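Owing to the predicted nature of the structure, the values given are computational and were not obtained by experimental measurement.
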Amino acid sequence: MSMKKIRNMEEFSAVSGISRPTVSKYFNDPESVRKTTRAKIEKAIEEHDYRPNIFAMNQNRKLTKNVGIVVPLLTDPYFAEIARNLEQRCIDAGYRPTLFSAHGDPAFEVEVLDTLRSMKPAGVLLAPLGRASDRVALEKFCDDVPTLIFDSSVDELGLAFVGSDNVQFTSHITDYLCRTGEAPCFFEMKTPANPNAHRRRQAYLSAMEAFGYTPQVISVDGEGWGFEEIGRLGGHDALANRRFGTNTILCSNDRLAIGLLTACYERNVTVGRGPDCAIRVAGQDGHPHSRYTCPPLTTISHDYDAVSKHAADALFEAIDGTISPWKSTRIQGKLVLRDSA
């Protein structure tokens, strides 16, 4: 028998060599796992003298096996991809995920939360609208339902926060652009829908100053989530009025960059790293289609797998009865070099 006291399913999973979702499925329904896996788990239970938190499990069995996943806009490729990852992790852990989109509307976000509350879910993975969210409604929901906040942090609500490190995102790609050509200007929306845009703008300003360059921000008109068209129209205006003071443009996100690439094509402005190219364009996010733009877009990508794994694991631990102090986990981005910059 092991002398080490196993405190929760996460530790039992680690010492037994059995995945945590499989362990969770076994303790909820031993018949739900294969016979050979069941025998391995039961041997590990005896060896480590492990007993799960029966009170927490009984509480969980009073709930449905539903897990809600809420994103600001499901048609946004980033949120579609992260939701797909989270959905699969819930299924693998024996839960039934239900996916909701707030459609970029604060009032509809509240309606979604009310619908979820009535479903009595085991837990919720929520990417809130951020500054636009109804703060009171959000706080009340997090008090009522085990909720893991991801992508956009709202104070210290919920069980914890998991998202990308937007400061590292922008600092890292700004450093790359400064080292490989003219220092970049920053192309953004005046009124961005996603609150992470503000963090990226500030990170760009700080990075440029740290590198000894004068920052230049080009803010274009446009509201809502139609980023590509906003980038296209704003790009036309900036190019026509010579607003870009450098031949390198860092966009606040990949979708704006895709719109800018279209504007460049329509104005016969060549984009890329070659000697015959007029400007370099880079984005941020790792948009699933950024590989297929013309030219392919240089970007800094979310680590979709790491963000979804940290978020799902933190929620599953809480559902299993292991409640840790609130903390923020921010995952660094990965630089993806392509022909546009």
Side-chain angles (χ1 to χ4, degrees), residues 55-56 59-60 62-74 76 78-79 82-83 85-87 89-90 95-167 191-200 202 223-225 302 307-331:
F55 174 75
Q59 288 294 101
N60 291 338
K62 295 177 183 177
L63 302 170
T64 67
K65 294 297 289 182
N66 295 333
V67 168
I69 302 171
V70 185
V71 296
L73 190 71
L74 195 52
D76 184 291
Y78 162 68
F79 289 117
I82 199 73
N85 273 265
L86 290 170
E87 186 177 40
R89 292 184 186 281
C90 290
Y95 293 98
R96 295 186 295 270
T98 306
L99 190 57
F100 295 87
S101 170
H103 298 285
D105 183 343
F108 195 74
E109 183 177 66
V110 174
E111 288 187 31
V112 167
L113 298 181
D114 288 341
T115 299
L116 273 167
R117 186 184 281 106
S118 70
M119 293 170 61
K120 301 187 186 309
V124 170
L125 293 152
L126 170 62
L129 292 173
R131 297 183 182 188
S133 295
D134 183 325
R135 178 70 167 69
V136 174
L138 206 59
E139 186 171 6
K140 178 65 167 63
F141 181 81
C142 290
D143 287 342
D144 294 342
V145 179
T147 303
L148 189 289
I149 304 293
F150 71 97
D151 184 66
S152 179
S153 179
V154 182
D155 298 329
E156 294 189 4
L157 293 185
L159 300 165
F161 169 76
V162 177
S164 295
D165 186 342
N166 286 284
V167 173
T191 53
N194 192 316
N196 290 326
H198 297 285
R199 298 182 181 93
R200 293 179 181 180
Q202 188 55 53
E223 297 184 356
W225 291 81
H302 297 279
V307 171
S308 62
K309 183 181 188 308
H310 278 78
D313 285 353
L315 180 65
F316 298 154
E317 285 181 11
I319 292 173
D320 286 340
T322 303
I323 307 297
S324 302
W326 189 94
K327 70 174 183 178
S328 173
T329 301
R330 297 185 181 272
I331 310 297

query: After noting the C-alpha distance and the side-chain angles of Asn194 and Phe79, does the key distance pass the side chain to side chain contact (heavy atoms under 4.5 Å, CB included) rule?
result: CA-CA 12 Å; Asn194 192 316; Phe79 289 117; 3.9 Å; yes

task: Could you tell me whether the side chain of Leu116 reaches within less than 4.5 Å of the side chain of Val70, counting heavy atoms only?
output: yes

Separation of Lys65 NZ from Cys90 SG (nearest 0.5 Å): 10.5 Å

message: Would Phe100 and Leu126 count as a side chain to side chain contact (heavy atoms under 4.5 Å, CB included) here? Give the steps.
response: CA-CA 9 Å; Phe100 295 87; Leu126 170 62; over 6 Å; no

task: Kindly indicate whether the side chain of Asp114, heavy atoms from C-beta on, has any atom under 4.5 Å from the side chain of Glu111.
output: no

field: Thr147 side chain to Cys142 backbone, donor-acceptor under 3.5 Å
entry: no

- prompt: Stepwise, does the side chain to side chain contact (heavy atoms under 4.5 Å, CB included) test hold for Asp134 with Glu109?
  reply: CA-CA 8 Å; Asp134 183 325; Glu109 183 177 66; 5.9 Å; no

- prompt: Which one of Leu148, Val307, Leu99, Leu125 satisfies the side chain to side chain contact (heavy atoms under 4.5 Å, CB included) criterion with Leu86?
  reply: Leu125

statement: Correct closest heavy-atom pair for Ile149 and Gly158 would be CG1-CA, 4.4 Å

- prompt: Between Ser101 and Leu73, which heavy-atom pair has the shortest distance, and what is it?
  reply: OG-CA, 3.5 Å

message: Show the nearest heavy-atom pair for residues Ala122 and Tyr95, with the distance to one decimal.
response: CB-CE2, 4.1 Å

- prompt: Does any non-hydrogen side-chain atom of Pro146 lie less than 4.5 Å from one of Leu159?
  reply: yes

message: Looking at every non-hydrogen atom in both residues, tell me the closest pair between Pro128 and Ser152 and how far apart they are.
response: CG-O, 3.3 Å

message: Less than 4.0 angstrom from a charged side-chain N to a carboxylate O is my criterion; do Asp143 and Lys140 meet it?
response: no

- prompt: Do Val67 and Pro121 touch side chain to side chain, with heavy atoms closer than 4.5 Å?
  reply: no

- request: Sort out for me which residue in Arg200, His302, His198 forms a side-chain hydrogen bond (donor to acceptor under 3.5 Å, both in side chains) with Asn166.
  value: Arg200

query: Excluding sequence neighbours, so at least two apart, what forms salt bridge (charged side-chain N to carboxylate O under 4.0 Å, His left out) with Asp165?
result: none

message: Counting C-beta onward and ignoring hydrogens, is there a side-chain heavy-atom pair between His103 and Trp225 closer than 4.5 Å?
response: no

field: Any His310 side-chain heavy atom under 4.5 Å of Ile331 side chain
entry: yes

- request: Check Gly130 against Val154 and note the closest heavy-atom contact, atom names and distance.
  value: CA-CG2, 4.2 Å

message: Looking at Asp155 and Leu157, would you say the former's side chain and the latter's main chain have a donor-acceptor pair under 3.5 Å?
response: no

- request: Any chance you could measure Arg96, atom CZ, to Met119, atom CE, to the nearest 0.5 Å?
  value: 9.0 Å

message: Quick check: closest heavy atoms across Ala83 and Leu74, and the distance to 0.1 Å?
response: CB-CD1, 4.3 Å

Any Thr329 side-chain heavy atom under 4.5 Å of Phe150 side chain: no

query: What residues form a side-chain hydrogen bond (donor to acceptor under 3.5 Å, both in side chains) with Glu139, not counting sequence neighbours?
result: Arg135

query: Can you check whether Ile82 reaches Asp151 side chain to side chain, under 4.5 Å on heavy atoms?
result: no

